[in-house]
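To find a chain, count down the sequence lines: A is the first, B the second, and so on, and within it residues start at 1.
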There are 2 protein chains.
Amino acid sequence: MATIRDVAKLAGVSVATVSRVLNNQGYVHEDTRKKVERAIHELNYKPNAVARSLYKKTSKSIGLIIPDITNPFFPQLVRAVEETMNRSGYTVLLFNSDEVLKRERHIIDLMVTKYVDGIIIVSNTIKYEHLQHLTIPIVALDRVISQEIPSVSVNNYEGARKAVRLLKEKGCKKIAHLRGPENVFTAEERLRGYLDEMSSQEMESIIYVGNYELKTSMVETMRLLTEHPDIDGIFAGNDVMAVGAIKAITKLGIHIPNELKIIGFDGIELGTVITPELSTMKQPIVQLGKKSSELLLHYINGQEKGLRHYVYQAELVERDST
Amino acid sequence: MATIRDVAKLAGVSVATVSRVLNNQGYVHEDTRKKVERAIHELNYKPNAVARSLYKKTSKSIGLIIPDITNPFFPQLVRAVEETMNRSGYTVLLFNSDEVLKRERHIIDLMVTKYVDGIIIVSNTIKYEHLQHLTIPIVALDRVISQEIPSVSVNNYEGARKAVRLLKEKGCKKIAHLRGPENVFTAEERLRGYLDEMSSQEMESIIYVGNYELKTSMVETMRLLTEHPDIDGIFAGNDVMAVGAIKAITKLGIHIPNELKIIGFDGIELGTVITPELSTMKQPIVQLGKKSSELLLHYINGQEKGLRHYVYQAELVERDST
DNA sequence: GTGAAAGCGCTAACAT
DNA sequence: ATGTTAGCGCTTTCAC
């Protein structure tokens with residue numbers, strides 16, 4: 001690998017001059033620049049990012065921590081972040097944490113050690129106290145961690161209310177909620193929305209606990225339907241669980257949406273794949289990724305000083321399950 | 001951020017000694033080690049990975065280039081790679097290339113510049129000529145790029161034959177193939193398998209072209225079924241297309257598997273989500289990721305010198321669509 | 001067993 | 001407009 005020295009030697013100038021043309025700053029004579037550029041080209045020289053990082057204490061890369069890329073909600077989010085970051089010349093270091101605090105902390109340490117310029121994190125487990133010692137900017141994505149950490153998220157509470165409201169409008173009299181895991185921010189908010197919307201009309205709430213994934217959801221839906229055969233509406237905590245519920249319901253020979261209506265939350269592609277296609281509260285996933293990236297970039301560049309919290313609205317997408 | 005100097009000063013030793021205890025090599029007196037460790041702890045010192053990289057010309061990280069994380073085949077693969085790598089102390093830098101050669105080359109340059117210790121790449125577009133100048137090890141994953149690049153892949157040809165054979169055994173008389181995109185290695189191999197299996201019994205082959213994704217697959221399936229209403233078996237080039245086909249077929253009111261049987265390829269989770277559940281040729285996705293990582297690690301450590309090509313077999317998983 | 005010092009490849013004062 | 005040099009934080013000879 002050619003170094004800046006090799007280029008300098010070949011071009012017959014000093015390394016400082018080469019550095020100047022590389023970074024396009026300071027005065028350098030047109031002829032000299034040409035010479036240097038020719039040398040760079042000839043040697044196929046690429047500046048060493050590591051050396052540069054060491055000096056500048058910045059790496060042109062950011063860390064992205066998510067629970068699990070295998071969860072169909074995240075691939076799109078990750079791509080949106082990557083795209084935005086790449087466009088600004090940043091590389092993204094992706095890590096799956098499985099929401100294990102110990103791993104999250106380890107990942108963060110590792111990132112700091114690698115001079116990442118900022119971190120975007122999706123997590124329920126991590127708290128402000130684990131983050132406050134950091135000197136690089138951080139933004140919480142999809143979930144808000146605390147008031148002190150800037151965030152980009154969706155109004156889960158309102159979205160949930162809208163979802164339940166749709167079920168009611170469609171004539172459902174007994175609406176159950178298949179909630180997401182306990183202590184998970186989004187799940188709690190959606191539950192709260194369901195509860196408030198139900199109690200506002202003195203409807204009895206029926207709650208079963210899922211884990212944001214398919215299998216448990218099927219099992220719980222089965223249980224729900226045997227214990228409450230008169231249910232005519234289900235608000236699932238996310239699309240994956242809704243899909244699980246649809247599978248279970250279909251297996252039971254109950255017709256959707258005639259006998260039972262169901263709505264999910266997230267708006268992932270999976271919902272359009274199953275039959276009947278799933279009605280859902282669609283999150284602006286790409287926007288979430290993009291906005292969080294831009295926000296982080298602004299903090300990195302010092303263009304933003306305040307503590308911003310962006311909240312998007314989930315949008316009702318009605319398909320065939322309601 | 002504390003540096004090695006701070007630790008040295010606090011412990012009352014030289015930086016060399018600190019480095020020795022950090023790397024656990026060379027002689028250092030037990031008492032000295034204790035002192036140093038105490039200082040490290042007290043300052044919450046973490047060695048600077050960038051400085052270390054600069055000296056050692058290695059970064060304890062590898063690059064992973066995939067077409068698109070949004071394609072449901074990849075998340076699992078990525079996790080398997082990440083897991084294996086992390087376990088060996090390596091970080092993975094993930095990039096989506098969209099199979100655009102220019103981006104792939106850019107990504108590779110970037111990685112080299114960051115001192116990645118090796119690269120795992122999933123690509124059809126890149127060729128040996130674009131890789132031969134690299135001095136770091138590289139392994140091709142899922143597709144073989146050339147004989148000169150070590151690879152870990154699946155026998156798509158054999159898998160395809162098995163798939164078609166199943167359809168025949170189940171009594172299908174007219175079997176169509178919904179193939180993947182042209183010039184994509186896996187798609188070509190699967191097509192070849194289909195063709196050979198058909199001609200071995202002098203069955204007429206009927207081929208429609210999809211793009212490994214849902215929408216096109218639905219459209220093409222519709223066309224296929226209007227132009228050839230007597231089709232009784234479909235071998236789809238991958239699971240995503242198979243799911244698209246199922247949607248189209250169901251919409252047409254044709255019963256699966258009674259009137260028409262269908263089998264996919266890949267074994268992604270999506271296949272178990274739809275109704276009827278999809279029969280498929282399951283790839284050992286996790287193993288692919290794991291093996292490619294281990295192989296790369298072996299090259300990095302110099303434990304492996306030869307050009308290895310590992311080929312796994314796809315496994316028939318029969319569910320409800322056949 | 002420990003320390004001094006060179007050097008990894010680059011950038012940015014500071015000179016000239 | 002260009003060159004010299006210190007230094008980013010670390011590892012590794014080479015002395016002692």
Side-chain angles (χ1 to χ4, degrees), chain A residues 1-37 39-40 43-61 89 109-117 135-136, chain B residues 1-37 39-40 43-61 89 109-117 135-136:
Chain A
M1 292 281 345
T3 76
I4 199 173
R5 280 203 136 71
D6 302 324
V7 176
K9 194 173 297 172
L10 181 59
V13 298
S14 77
V15 295
T17 302
V18 178
S19 179
R20 281 189 195 98
V21 349
L22 246 30
N23 298 284
N24 222 320
Q25 67 183 229
Y27 298 93
V28 32
H29 193 91
E30 199 44 37
D31 297 353
T32 322
R33 149 166 280 117
K34 283 271 177 291
K35 271 195 304 188
V36 172
E37 276 165 355
I40 287 176
L43 295 171
N44 188 27
Y45 166 76
K46 304 267 187 309
N48 182 314
V50 175
R52 191 173 269 177
S53 280
L54 180 58
Y55 186 89
K56 311 248 285 186
K57 293 177 183 307
T58 162
S59 61
K60 281 290 187 184
S61 68
D109 282 347
L110 191 68
M111 286 174 166
V112 168
T113 248
K114 294 206 181 233
Y115 277 154
V116 298
D117 300 327
T135 55
I136 54 174
Chain B
M1 291 281 347
T3 76
I4 199 173
R5 281 202 135 70
D6 303 324
V7 176
K9 195 173 297 172
L10 182 59
V13 298
S14 76
V15 295
T17 301
V18 177
S19 178
R20 282 188 196 102
V21 348
L22 246 29
N23 298 284
N24 222 321
Q25 67 182 231
Y27 297 92
V28 32
H29 192 90
E30 199 43 39
D31 297 354
T32 322
R33 148 166 281 118
K34 283 271 178 291
K35 272 195 303 190
V36 172
E37 275 164 356
I40 288 175
L43 295 171
N44 188 27
Y45 166 77
K46 305 266 189 307
N48 181 315
V50 176
R52 190 174 271 176
S53 280
L54 181 57
Y55 186 90
K56 310 248 286 187
K57 293 175 182 307
T58 162
S59 61
K60 281 291 186 181
S61 67
D109 282 347
L110 191 67
M111 286 175 166
V112 168
T113 246
K114 294 207 180 230
Y115 278 155
V116 298
D117 300 327
T135 55
I136 53 173

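In the 5' to 3' direction, nucleotides of DNA chain D lying under 4.0 Å from heavy atoms of chain A begin and end at D/dA1 to D/dG9.
At a threshold of 4.0 angstrom between heavy atoms, the contacts of A/E30 with the nucleic acid are absent. Within the 4.0 angstrom heavy-atom criterion, only backbone atoms of the sugar-phosphate kind lie near B/V13; the bases stay farther away. Residue A/S53 is out of contact with every strand shown, counting any heavy-atom pair closer than 4.0 Å.
For the pair A/Q25 CD and C/dT11 P, the computed distance is 9 Å after rounding to whole Å. A/D6 places its CG atom 10 Å from the C1' atom of C/dG9, with the value rounded to the nearest Å. Atom CG in A/L54 sits roughly 13 Å away from atom P in C/dA12 (whole-Å rounding). Between A/L43 atom CG and C/dG9 atom P there is a gap of 14 Å when expressed in whole angstrom units. In this structure, the NZ atom of B/K9 is 14 Å from the P atom of C/dG3, given to the nearest Å. The CZ-P distance, from B/R5 to C/dA4, rounds to 11 Å in whole Å.
At least one donor-acceptor pair closer than 3.5 Å links the side chain of A/T113 to the backbone N or O of B/P47.
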How far apart are the C-alpha atoms of B/V21 and B/I40, what are their side-chain angles, what is the distance that settles it, and do they pass the side chain to side chain contact (heavy atoms under 4.5 Å, CB included) test? CA-CA 10 Å; B/V21 348; B/I40 288 175; 4.3 Å; yes

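Using a 4.5 Å heavy-atom cutoff, the side chains of A/L22 and A/Y45 are in contact. When side chains are defined from C-beta on, B/N48 counts as touching A/Y115, because their heavy atoms get closer than 4.5 Å.
Every residue was checked against the salt bridge (charged side-chain N to carboxylate O under 4.0 Å, His left out) condition with A/R5, not counting sequence neighbours, and none meets it.
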